[in-house]
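For reference, the structure discussed in these notes is given below.
All residue numbers in this chain count up from 1 along the given sequence. Being a predicted model, the structure only gives us computed values, none of them experimental.
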Amino acid sequence: MYSYIKGELVEIIGEDLIVLEAGQIGYNIRIPSQVLDYLPGIGSEVKIYTYLYVREDAHILYGFLSRDDLEVFKLLIGVSGIGPKGALAVLSVMSTDDLRFAILSEDSKAISKAPGVGSKTAQRVIIELKDKLRLEDAFEAKLAHKEDSPVRSVVNSKKNEAVEALVSLGYSSSEALKVLSGIAITEESSVEEILKEALKSMAFM
């Protein structure tokens with residue numbers, strides 16, 4: 001029903017609810033808690049991509065800062081056992097790029113860190129979504145984030161570059177993802193340093 005709502009941020013309620021005013025209407029929108037770090041100040045204009053969840057007793061709007069985040073949310077709620085609340089919990093503890101890497105490298109521990117998401121549910125997310133995601137999606141999303149969202153992870157960008165480099169060296173994308181999931185990557189890490197650590201780990205695989 002709604003693609004996005006663009007309006008004034010008038011209130012932040014708790015960690016996962018904002019009020020956005022557009023056309024003299026105030027919309028209650030549920031958001032992943034990490035989105036709070038990227039919202040502008042109260043009174044500023046913001047564009048929120050929305051999903052309307054309809055049930056018998058309520059109509060609930062969920063919102064995201066990028067179209068990519070919204071699409072991943074839709075994939076998550078399609079997994080059996082993961083409703084909108086569970087999907088929001090997952091995207092509150094990890095970015096969409098991190099989730100892609102976790103699914104493609106079969107890292108259920110990372111996914112199960114979300115409140116209310118146990119190891120069995122995390123495994124189900126991997127099983128049901130692994131064939132629906134491609135490594136290339138992460139690279140395309142990286143460009144999309146530049147265009148329509150202030151959410152821009154330096155760490156994910158460097159991880160993407162490292163994966164591309166390892167694949168060009170002849171390793172499979174799954175091998176690259178698995179080895180990088182075991183390396184501590186920070187904003188200060190250079191791609192060269194990440195590759196050196198990855199290649200060292202590859203030697204013991």
Side-chain angles (χ1 to χ4, degrees), residues 14-17 30-38 49 51 53 55 58 60 62-66 68-142 145 151 153-160 162-163 166-167 171-187 189 194 197-198 200-205:
E15 294 184 349
D16 67 347
L17 181 64
R30 295 282 175 186
I31 59 171
S33 59
Q34 65 172 336
V35 168
L36 292 178
D37 295 333
Y38 303 99
Y49 293 89
Y51 176 85
Y53 178 68
R55 65 187 194 198
I60 305 171
Y62 291 89
F64 308 87
L65 287 174
S66 76
D68 179 56
D69 292 344
L70 172 60
E71 293 306 316
V72 171
F73 174 80
K74 290 179 181 178
L75 286 176
L76 279 171
I77 62 176
V79 175
S80 56
I82 293 273
K85 186 176 180 180
L88 205 67
V90 171
L91 295 177
S92 289
V93 299
M94 60 198 316
S95 68
T96 50
D97 283 346
D98 283 337
L99 179 60
R100 280 193 180 91
F101 283 120
I103 291 171
L104 294 172
S105 63
E106 300 183 13
D107 186 359
S108 60
K109 287 184 179 179
I111 300 171
S112 63
K113 288 179 181 177
V117 178
S119 58
K120 288 185 179 180
T121 303
Q123 286 286 355
R124 197 177 301 121
V125 169
I126 291 170
I127 292 169
E128 295 190 25
L129 296 187
K130 190 168 185 179
D131 292 337
K132 296 181 181 179
L133 297 174
R134 302 172 303 137
L135 183 61
E136 290 80 4
D137 290 336
F139 305 140
E140 292 171 6
K142 180 172 63 174
H145 286 168
V151 180
S153 169
V154 174
V155 171
N156 281 330
S157 176
K158 291 179 179 179
K159 188 184 287 185
N160 287 341
V163 171
L166 289 169
V167 170
Y171 295 100
S172 69
S173 58
S174 60
E175 287 175 331
L177 286 165
K178 285 178 181 178
V179 75
L180 287 173
S181 67
I183 297 174
I185 301 174
T186 67
E187 291 186 8
S189 302
I194 296 168
E197 288 297 319
K200 283 181 185 178
S201 299
M202 291 289 194
F204 293 100
M205 290 177 65

What's the spacing between L91 CG and D69 CG if we round to 0.5 Å? 7.0 Å
May I ask you to test the P115-V93 pair for a side-chain heavy-atom distance under 4.5 Å? yes
Here the gap from Y62 atom OH to I31 atom CD1, rounded to the nearest 0.5 Å, amounts to 12.5 Å
Could you measure the distance from the CD1 atom of I82 to the CD1 atom of I77? Nearest 0.5 Å is fine. 11.0 Å
Non-hydrogen side-chain atoms of L76 and V90 separated by less than 4.5 Å: yes
Can you name the closest pair of heavy atoms from P32 and G63 and give their distance? CD-O, 3.5 Å
Among D98, V125, T121, side-chain contact (heavy atoms from CB on, under 4.5 Å) partner for I111: V125
Between F73 and Y51, what is the ring plane arrangement, given parallel below 30°, perpendicular above 60°, and tilted in between? perpendicular
For a side-chain contact (heavy atoms from CB on, under 4.5 Å) check, start with the C-alpha distance between R30 and K85, then their side-chain angles and the critical distance, and finish with the verdict. CA-CA 10 Å; R30 295 282 175 186; K85 186 176 180 180; over 6 Å; no
For the pair S105 (side chain) and F101 (backbone), establish whether a donor and an acceptor sit closer than 3.5 Å, ignoring hydrogens and angles. yes
Side-chain heavy atoms of T96 within contact of F64, under 4.5 Å: no
Residue pair A198 / L166: nearest heavy atoms and the distance that separates them: CB-CD1, 4.0 Å
Could you state the interatomic distance from OG (S92) to CG (D16), rounded to the nearest 0.5 Å? 7.0 Å
When rounded to the nearest 0.5 Å, the distance separating NZ of K158 from CD1 of I194 is 6.5 Å
Only one of V72, L104, I103, L99 forms a side-chain contact (heavy atoms from CB on, under 4.5 Å) with L129, so which one is it? I103
Measure the shortest side-chain to side-chain distance between Q123 and K120 over non-hydrogen atoms and say whether it is less than 4.5 angstrom. no
Nearest 0.5 Å please: distance from the CE atom of M94 over to the NZ atom of K113. 8.0 Å
Establish, from distance only, whether the side-chain atoms of E128 and S80 form a donor-acceptor pair under 3.5 Å. yes
